[in-house]
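One structure is given here, and the rest of the page talks about it.
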Amino acid sequence: MNVLFICSRNQWRSPTGEAVWRKLDGVNVRSAGTSPNARKTVSAHDIRWADIIFVMEPKHQQRLQAEFRQLVSYKRIEVLDIPDDYKYMDPELVEIFETEAAQFLDQQDESLA
């Protein structure tokens, strides 16, 4: 499963999600940002690669839909509602991503049953 994390500048939130989820078996992860000033700006290649896209805020989903309308129309996008209040690997942010990972993986297991 290929998971893409998106925030604005790819500095704090999405790289933390990538680092936390990288530890999970069977999950490939990347992170990117929607801003032209992002450390890594999201590309069409990233969108095509992803099986699921986690965005931090609704504005990130809106930007993806505006820029990659055709590509994202067939992708599962989940809005995590994580505000830009955390630094990289902030313990509270790590806990949020671990909780989200557990919930998501439980949902995946249920859909396969």
Side-chain angles (χ1 to χ4, degrees):
M1 176 184 320
N2 296 332
V3 177
L4 177 62
F5 287 95
I6 303 286
C7 65
S8 296
R9 297 193 61 218
N10 191 226
Q11 280 188 303
W12 312 123
R13 294 173 290 175
S14 59
T16 300
E18 180 180 6
V20 169
W21 281 53
R22 184 179 293 129
K23 301 172 195 172
L24 303 174
D25 289 335
V27 179
N28 302 305
V29 291
R30 291 183 185 171
S31 66
T34 57
S35 168
N37 298 324
R39 286 184 352 180
K40 182 195 179 306
T41 303
V42 65
S43 68
H45 177 72
D46 294 321
I47 302 293
R48 281 192 288 277
W49 172 85
D51 295 314
I52 184 166
I53 301 168
F54 287 105
V55 297
M56 303 303 124
E57 301 174 55
K59 70 179 181 181
H60 301 126
Q61 181 179 20
Q62 293 161 359
R63 288 183 185 157
L64 290 178
Q65 289 170 334
E67 191 169 341
F68 303 103
R69 180 166 305 283
Q70 289 292 100
L71 291 175
V72 299
S73 63
Y74 301 103
K75 295 292 177 172
R76 180 174 171 193
I77 300 176
E78 297 287 336
V79 180
L80 298 176
D81 288 318
I82 299 174
D84 195 9
D85 297 338
Y86 303 97
K87 297 291 185 192
Y88 179 69
M89 297 304 284
D90 178 298
E92 187 176 334
L93 182 58
V94 168
E95 185 176 327
I96 291 168
F97 281 120
E98 289 173 344
T99 300
E100 290 294 332
Q103 290 176 357
F104 174 74
L105 294 173
D106 285 346
Q107 288 174 2
Q108 291 298 104
D109 288 344
E110 288 173 11
S111 69
L112 296 174

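Only this structure's heavy atoms are used, side chains among them; waters, hydrogens and symmetry mates stay out.
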Joint hydrophobic cluster, [X] plus [Y], side-chain heavy atoms closer than 4.5 Å:
X     : Y     : answer
Ile77 : Ile96 : no
Leu71 : Ile6  : yes
Val3  : Val72 : no
Val79 : Trp21 : no

Can you tell me if Thr16 uses its side chain to pair, donor with acceptor, with the backbone of Met89 under 3.5 Å?
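Checking the backbone N and O of Met89 against the side chain of Thr16, a donor-acceptor pair under 3.5 Å is found.
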Taking every non-hydrogen atom, the tightest pair across [X] and [Y]:
X     : Y     : result
Glu92 : Tyr86 : OE2-OH, 3.1 Å
Ala38 : Ser8  : CB-O, 3.7 Å
Asn10 : Gly33 : CB-N, 3.6 Å
Cys7  : Ser14 : SG-OG, 3.0 Å

Set of residues satisfying side chain to side chain contact (heavy atoms under 4.5 Å, CB included) with respect to Glu95, sequence neighbours excluded
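Here the qualifying residues are Thr99.
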List for me each residue that meets side chain to side chain contact (heavy atoms under 4.5 Å, CB included) alongside Asn37, sequence neighbours excluded, and say none if there are none.
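For Asn37 the side chain to side chain contact (heavy atoms under 4.5 Å, CB included) partners, ignoring immediate neighbours, are Arg9, Ser35.
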Tell me the salt bridge (Lys or Arg N to Asp or Glu O under 4.0 Å) pairs involving residues 15-43, sequence neighbours left out?
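Every salt bridge (Lys or Arg N to Asp or Glu O under 4.0 Å) pair that includes a residue of residues 15-43, provided the two are not neighbours, is Glu18-Arg22, Arg30-Asp46, Lys40-Asp46.
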Return all side-chain donor-acceptor pairs below 3.5 angstrom for residues 62-70, not counting sequence neighbours, or 'none' if the list is empty.
| unit_1 | atom_1 | unit_2 | atom_2 | d |
| --- | --- | --- | --- | --- |
| Arg63 | NH1 | Thr34 | OG1 | 3.3 |

Phe97 vs Ile82, test: side-chain contact (heavy atoms from CB on, under 4.5 Å). Steps then yes/no.
CA-CA 10 Å; Phe97 281 120; Ile82 299 174; 3.9 Å; yes
Could you list the donor-acceptor pairs under 3.5 angstrom formed by side chains in residues 50-59, with sequence neighbours left out?
| unit_1 | atom_1 | unit_2 | atom_2 | d |
| --- | --- | --- | --- | --- |
| Asp51 | OD2 | Asn2 | N | 2.7 |
| Glu57 | OE2 | Arg13 | NH1 | 2.7 |
| Glu57 | OE2 | Arg13 | NH2 | 3.2 |

Partner set under salt bridge (charged side-chain N to carboxylate O under 4.0 Å, His left out) for Glu78, not counting sequence neighbours:
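Only Arg76 meet the salt bridge (charged side-chain N to carboxylate O under 4.0 Å, His left out) criterion with Glu78.
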From NZ (Lys75) to CH2 (Trp49), nearest 0.5 Å
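Here the interatomic distance stands at 9.5 Å.
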What verdict does the side-chain contact (heavy atoms from CB on, under 4.5 Å) test give for Leu4 and Val42, after you've listed the backbone C-alpha separation in whole Å, the side-chain angles of each residue and the deciding distance to 0.1 Å?
CA-CA 9 Å; Leu4 177 62; Val42 65; 4.2 Å; yes
